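Just so you know, these numbers come straight off a predicted model, no measurement behind them. Atoms within each ligand, like the ligands themselves, are counted from 1 in listed order. Just so you know, these numbers use all the heavy atoms, side chains as well, and skip hydrogens, waters and symmetry mates.
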Amino acid sequence: MTAFTYDALPGRVVFGPGVASTRLIAEVDAFGAQRILLIAGESETALARELCAPFADRVTATFSGIRPHVPLEVAESAREAAADADLVLCVGGGSTTGTAKAVALTTGLPIVAVPTTYAGSEVTPVWGLTQGSRKTTGTDPVVLPRTVVYDPDLTLTLPAALSVASGLNAMAHCVEAFWAPRRNPVSSAVAEDGIRHLAAGLPVIATDPEDGGARADLLLGAYLAGSAFAVAGSGLHHKICHVLGGAFDLPHAETHAIVLPYVLAFNAPNAPRAATRIAAALGQQDAVQGLHELGHKLGVPAGLRELGLGRSDVDAVLDDILALAPADNPSPVTANGLKALLVAAWSGTAPTGEDA
Ligand code: NAD
């Protein structure tokens with residue numbers, strides 16, 4: 001047992017089918033809120049209004065101009081809409097939660113979040129804002145939602161493909177939590193259970209998006225994934241995906257889903273305990289093989305080249321990734337090792353980790 005430091009994050013969670021309809025009013029009342037800014041994207045506005053019906057007279061402003069990655073002008077419009085508010089209530093995916101966080105960042109207003117995807121942003125103190133093509137992120141406890149209402153029923157409409165992508169993104173948060181910089185026994189335990197719930201729900205949802213039990217598994221898994229990620233931070237996998245995504249505008253979730261087994265294969269030889277726990281949570285003999293097969297079953301593209309990435313693109317970003325690689329990654333990140341990892345992830349050959 002090695003020494004560790006663990007900063008627990010505060011926050012109240014209400015979880016269960018139907019709770020957004022039955023319990024949201026009590027959660028809003030707990031803040032004594034009288035002037036609520038409702039933030040929900042256009043597709044989620046009808047649902048959000050329905051959930052707010054019992055306290056509609058207290059929703060004094062609505063903002064629906066959500067855009068991915070929270071452009072600064074969107075943040076500024078949402079902040080203007082919050083001028084008179086005493087609470088921000090957001091209903092939607094990570095982009096919606098991110099917009100609520102942008103408001104909290106400058107106003108200090110408390111957030112009640114009702115997530116409708118598996119992004120996990122609602123349990124992290126991380127904010128992100130985009131100016132032009134440049135995304136800036138930061139950490140501030142003021143943006144951490146004070147209450148999260150998780151209702152699996154709200155995710156029944158999330159299409160299968162989006163559910164799989166979002167769920168695998170949560171899987172990446174869990175796996176990476178085992179070697180991320182602020183890992184500790186609590187975040188590892190949370191991540192392990194997150195993997196278990198995600199692995200149970202994902203194959204079911206891929207074929208039957210209306211399975212309530214699998215939806216509950218996935219949402220619980222997403223909550224655990226976000227919690228582990230929030231505490232442990234991000235490691236090599238997230239650095240690789242961040243650089244690749246930023247340089248070549250690759251689809252976020254698919255990039256994560258393709259790269260994850262290769263980073264796991266790279267690290268597993270030097271993180272055997274983590275690999276054993278990940279395998280057990282996946283219900284497989286071998287973590288790398290199990291994760292690779294799960295991705296295959298869920299229709300994840302075989303390699304980054306299927307996303308349109310060229311072989312020379314891999315060489316172009318090698319130094320950028322190397323510069324960001326965490327010093328305490330389980331397997332030392334050398335130029336040759338990283339190149340082998342990226343080339344394998346690009347071509348889609350079976351992840352072996354032989355070059356770690
Ligand atoms: P998103 O919020 O952009 O939503 C994707 C799409 O799904 C949208 O078109 C939305 O209208 C639709 N949608 C949402 N819920 C639905 C439902 N229940 N039924 C049908 N359609 C629904 O995507 P996301 O994956 O939830 O979030 C991604 C964003 O979150 C990224 O910007 C990412 O950087 C951010 N994020 C931030 C953190 C953090 O800690 N700050 C963590 C994870 C993700």
Counting from 1, what ligand 1 atoms have a heavy atom of [X] closer than 4.0 Å?
X	answer
Gly94	2 (O), 24 (P), 26 (O), 27 (O), 29 (C), 30 (O)
Val126	39 (C), 40 (O), 41 (N)
Lys135	32 (O), 34 (O)
Thr157	17 (C), 18 (N), 19 (N), 20 (C)
Thr116	14 (C), 15 (N), 16 (C), 17 (C), 18 (N)

Ligand 1 N/O within reach of [X] N/O, cut-off under 3.5 Å:
X	answer
Thr155	no
Ser166	no
His69	yes
His173	no
His252	no
Gly120	no

>> If you take the nearest heavy atom of each of Ala119, Gly92, Gly93, Pro68, which one is closest to atom 44 (C) of ligand 1?
In response: Ala119
> So between Val91, Leu158, Val143, Asn169, whose heavy atom ends up nearest atom 16 (C) of ligand 1?
Replying inline: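 Of the listed residues, Leu158 has the closest heavy atom.
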>> Closer than 4.0 Å and a protein heavy atom, does any atom meet both conditions relative to atom 9 (O) of ligand 1?
In response: no
> Under 4.0 Å from atom 22 (C) of ligand 1, is there any protein heavy atom?
Replying inline: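 Under 4.0 Å from atom 22 (C) of ligand 1, at least one protein heavy atom found.
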SB check [X] [Y] (cutoff 4.0 Å):
X	Y	value
Glu293	Lys297	no
Arg183	Asp328	yes
Arg23	Asp29	no
Asp315	Lys339	yes
Arg12	Glu27	yes

At a non-hydrogen distance cut-off of under 4.0 Å, which region of [X] contacts ligand 1 (side chain, backbone, both, or neither)?
X	value
Thr124	side chain
Glu44	side chain
Arg215	neither
Leu154	backbone

>> Is the distance from the ring center of His237 to that of Tyr262 below 6.0 Å?
In response: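 Between Tyr262 and His237, which both carry aromatic rings, the centre distance is not below 6.0 Å.
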> Is the centre of the His292 ring less than 6.0 Å from the centre of the His296 ring?
Replying inline: no
Is it the case that atom [atom1] in [X] sees more than 12 heavy atoms from other parts of the structure closer than 6.0 Å?
X	atom1	answer
Arg49	CZ	no
Arg311	CZ	yes
Arg58	CZ	yes

Residue and atom name of the nearest protein heavy atom (relative to [atom]), distance in Å to one decimal:
atom	answer
atom 26 (O) of ligand 1	Thr117 OG1, 2.6 Å
atom 1 (P) of ligand 1	Ser95 OG, 3.4 Å
atom 38 (C) of ligand 1	Ser121 CB, 3.4 Å
atom 6 (C) of ligand 1	Leu162 CD2, 3.8 Å

Roughly how far, to the nearest 0.5 Å, is the [atom2] atom of [Y] from the [atom1] atom of [X]?
X	Y	atom1	atom2	answer
Leu218	Met171	CG	CE	9.0 Å
Asp193	Leu220	CG	CG	7.0 Å
Leu38	Cys52	CG	SG	4.5 Å
Leu198	Leu168	CG	CG	8.5 Å

Measuring from non-hydrogen atoms of [X] to any atom of ligand 1, is the shortest distance under 4.0 Å?
X	answer
Glu42	no
Lys101	yes
Ser43	yes

>> For His252 and His69, take the angle between the two ring planes, folded into 0 to 90°, and tell me which bin it lands in: parallel under 30, tilted 30 to 60, perpendicular over 60.
In response: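 Ring orientation of His252 relative to His69: perpendicular.
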